[in-house]
Amino acid sequence: MKTIRELLAEGVEGKRVFVRADLNVPLADGTITDDGRIRAVLPTVTKLVEAGAKVIVASHLGRPKGAPDPVFSLLPAAERLGELLGKPVAFAQDTVGPAAHDAVDGLEPGQVAVIENLRFNAGETSKDDTERGEFADKLAALADVYVGDGFGAVHRKHASVFDLPARLPHYAGYLIATEVGVLKKLTEDVKRPYVVALGGAKVSDKLAVIDQLLGKADRLLIGGGMAYTFLKAQGHEVGISLLQEDQVPKVKEYIERAKENGVELVLPVDVLVSTEFPDLKTKAPANPTTVAADAIPADQEGLDIGPETRKLYASKLADAGTVFWNGPMGVFEHPDYAEGTKAVAQALLDSPAFTVVGGGDSAAAVRTLGFDENAFGHISTGGGASLEYLEGKTLPGLAALEN
């Protein structure tokens, strides 16, 4: 895989460089609530600007239906990118139409333009190779060189991720090069004990990675909404907690495999419960109660790990050599249910281990809860991409860059 370092050595002054970034930031009423993914692409964009390239930044945002939708406009991300760069950034209100061509044609060396949300064009996400290829051809007409730096999208077989690199000289940006290097440490050069903490809402989202980790990790800590399917598989009642009943047989199988493989599987011993889900807008007090994990009342919902579980999980992380964490331990967006996620984050900081926060909600939680993200070994920008890499899958975006 060629990297941006080689591209810069070859020279890019005056060249049109298409940077496939991941600017898929969370928005609330048009305001960015976490700009981590924009900051993650800054090193690549900054170096290209300093080298005199004409930089075209492209990304998706959200899940529009293949047509323009102002709710998913990249304009706020473009404006924030300009603020972080400390210089104006042009914005094109289409992807491959007149506005995009005008914006690119107007660039001087060292200037940047952002084109509109790639998913406003149905060709970006099409499962039809021809339709995707036609969109990739139009994107290729905007540029001379391709730099892939949107790690959060490399597990998608989309036009700008998979098809476009085949049409241009292509290189991996700093972010993707770093992410791949870190993930290799989790798969090829693991310092033990190797501890994995998994949370989030659905156990089905993590089944494939759990399957792989049962042969690689030394210890698995389970929290978040997915924990209740594990507790149900152990024969405990979980009240009205999030439960994927159809996954219980598979989880039972994994519990048995963990025992057979000598993998320590650690589940909550207590949880915070309430009769209703908290109001995440007003953050009104929720007044939860703490109960044993095997004694959740029938009318109660588990929403965070309890104080004893926090201590237990911290102790299980203390002696780790390597830690991978993906998924919050509870509804961290509400202060009454944030302590479990805080405890895991703090335990990672206190541990001497090489620590990797696996993107998505975990990365957002670290920033939202006020932790210094530079204190962690690595915070990934791609939750889904990280998980699929650990599952052993071939990621289309990485395969395209390696070709």
Side-chain angles (χ1 to χ4, degrees), residues 21-28 31-43 77 80 84 150-152 174-176 178-179 181-183 185-186 194-201 205-206 209 220-227 272 278 280 283 303-305 309-311 313-314 316-318 320 322-387 389-390:
D22 180 9
L23 308 182
N24 186 27
V25 292
L27 296 169
T31 300
I32 296 170
T33 58
D34 180 6
D35 66 359
R37 285 178 169 170
I38 301 175
R39 287 185 286 111
V41 79
L42 278 179
R80 181 57 180 151
L84 293 168
F151 182 73
Y174 290 114
L175 175 62
I176 280 186
T178 298
E179 294 271 15
V182 167
L183 289 170
K185 287 188 178 182
L186 298 179
Y194 179 19
V195 183
V196 177
L198 296 176
D205 292 342
K206 307 287 197 308
V209 76
L220 287 178
L221 314 182
I222 306 295
M226 62 184 290
L272 298 187
L280 300 183
K283 304 291 197 295
L303 295 164
D304 193 16
I305 57 174
T309 305
R310 294 173 217 152
K311 294 176 188 175
Y313 285 13
K316 297 296 183 180
L317 292 163
T322 303
V323 178
F324 175 71
W325 170 35
N326 181 281
M329 297 291 108
V331 187
F332 74 91
E333 299 91 342
H334 191 285
D336 287 351
Y337 300 106
E339 293 305 315
T341 302
K342 280 185 184 178
V344 169
Q346 187 61 53
L348 263 65
L349 293 182
D350 294 340
S351 170
F354 174 65
T355 57
V356 178
V357 180
D361 286 341
S362 311
V366 164
R367 290 186 280 267
T368 300
L369 298 176
F371 289 94
D372 177 6
E373 57 189 297
N374 294 318
F376 297 86
H378 178 70
I379 296 183
S380 178
T381 57
S386 296
L387 288 174
Y389 190 100
L390 294 183

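Numbers for residues simply follow the sequence, beginning at 1.
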*Asks:* Heavy-atom distance under 4.5 Å between the side chains of I222 and K206, does that happen here?
*Replies:* no

*Asks:* Drop me the distance from S362's OG to L198's CG, to the nearest 0.5 angstrom.
*Replies:*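 Answer for the OG-CG pair, S362 versus L198, is 9.0 Å.
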
*Asks:* When rounded to the nearest 0.5 angstrom, what is the spacing between CZ in R367 and CG in D372?
*Replies:*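 Here the interatomic distance stands at 11.5 Å.
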
*Asks:* If you take all heavy atoms of P328 and D361, which pair is closest and at what distance?
*Replies:* CD-CB, 3.7 Å

*Asks:* Distance from E373 atom CD to R39 atom CZ, nearest 0.5 Å?
*Replies:*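 One gets 4.5 Å once the value is rounded to the nearest 0.5 Å.
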
*Asks:* What distance separates D35 CG from L84 CG, expressed to the nearest 0.5 Å?
*Replies:*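 Here the rounded value is 5.5 Å.
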
*Asks:* Of all the heavy-atom pairs spanning A320 and A353, show the shortest one and how long it is.
*Replies:* O-CB, 3.2 Å

*Asks:* Does any donor atom in the side chain of E333 or T368 lie under 3.5 Å from an acceptor atom in the other side chain?
*Replies:* no

*Asks:* Of all the heavy-atom pairs spanning G199 and M226, show the shortest one and how long it is.
*Replies:*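 In terms of heavy atoms, the two residues are closest at O-SD, 3.2 Å.
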
*Asks:* Is there side-chain contact between Y194 and L186, with heavy atoms separated by less than 4.5 Å?
*Replies:*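 A side-chain contact exists here, since the closest heavy-atom pair is under 4.5 Å.
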
*Asks:* Is any side-chain heavy atom of D336 closer than 4.5 Å to one of P278?
*Replies:* no

*Asks:* Say you draw a straight line from CG of L183 to NE2 of H378; how long is it, rounded to the nearest 0.5 Å?
*Replies:*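 If we round to the nearest 0.5 Å, L183:CG and H378:NE2 are 6.5 Å apart.
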
*Asks:* Side chains of K342 and F332, heavy atoms from C-beta outward: is any pair under 4.5 Å?
*Replies:*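 Side chain of K342 against side chain of F332, heavy atoms only: no contact under 4.5 Å found.
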
*Asks:* Taking the side chain as everything from C-beta on, heavy atoms only, tell me whether D22 gets closer than 4.5 Å to L175.
*Replies:* no

*Asks:* Please name the pair of heavy atoms, one in V356 and one in F354, separated by the smallest distance, quoted to 0.1 Å.
*Replies:* CG2-CE2, 3.5 Å

*Asks:* For residues L272 and E339, determine if any side-chain heavy atom of one lies less than 4.5 Å from a side-chain heavy atom of the other.
*Replies:* no

*Asks:* Do L387 and F324 have side chains that get closer than 4.5 Å, going by heavy atoms?
*Replies:*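 The answer is yes; the side chains approach within 4.5 Å.
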
*Asks:* Let's go through M329 and D304 carefully: what are the C-alpha distance in whole Å and the side-chain angles of both, what is the deciding distance for side chain to side chain contact (heavy atoms under 4.5 Å, CB included) to 0.1 Å, and is it a yes or a no?
*Replies:* CA-CA 6 Å; M329 297 291 108; D304 193 16; 4.0 Å; yes

*Asks:* To check you understand the geometry: which heavy-atom pair defines the closest contact between L317 and S351, and what is its length?
*Replies:*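 Closest heavy-atom pair between L317 and S351: O-OG, 3.2 Å.
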
*Asks:* Could you tell me which non-hydrogen atom of K283 sits nearest to which non-hydrogen atom of P335, and how far apart they are?
*Replies:* CD-CD, 3.7 Å

*Asks:* Flag the pair I176 / E179 as yes when at least one side-chain heavy-atom distance between them is below 4.5 Å, and no otherwise.
*Replies:*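 Not in contact.
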
*Asks:* Side chain to side chain contact (heavy atoms under 4.5 Å, CB included), that's the test. Do K185 and T322 meet it? Break it down for me.
*Replies:* CA-CA 9 Å; K185 287 188 178 182; T322 303; over 6 Å; no

*Asks:* Working to the nearest 0.5 Å, report the span between OG of S380 and OH of Y389.
*Replies:*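 These two atoms lie 12.0 Å from each other.
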
*Asks:* Check the pair L27, I32 against side chain to side chain contact (heavy atoms under 4.5 Å, CB included), reporting the backbone distance first and the verdict last.
*Replies:* CA-CA 5 Å; L27 296 169; I32 296 170; 3.5 Å; yes

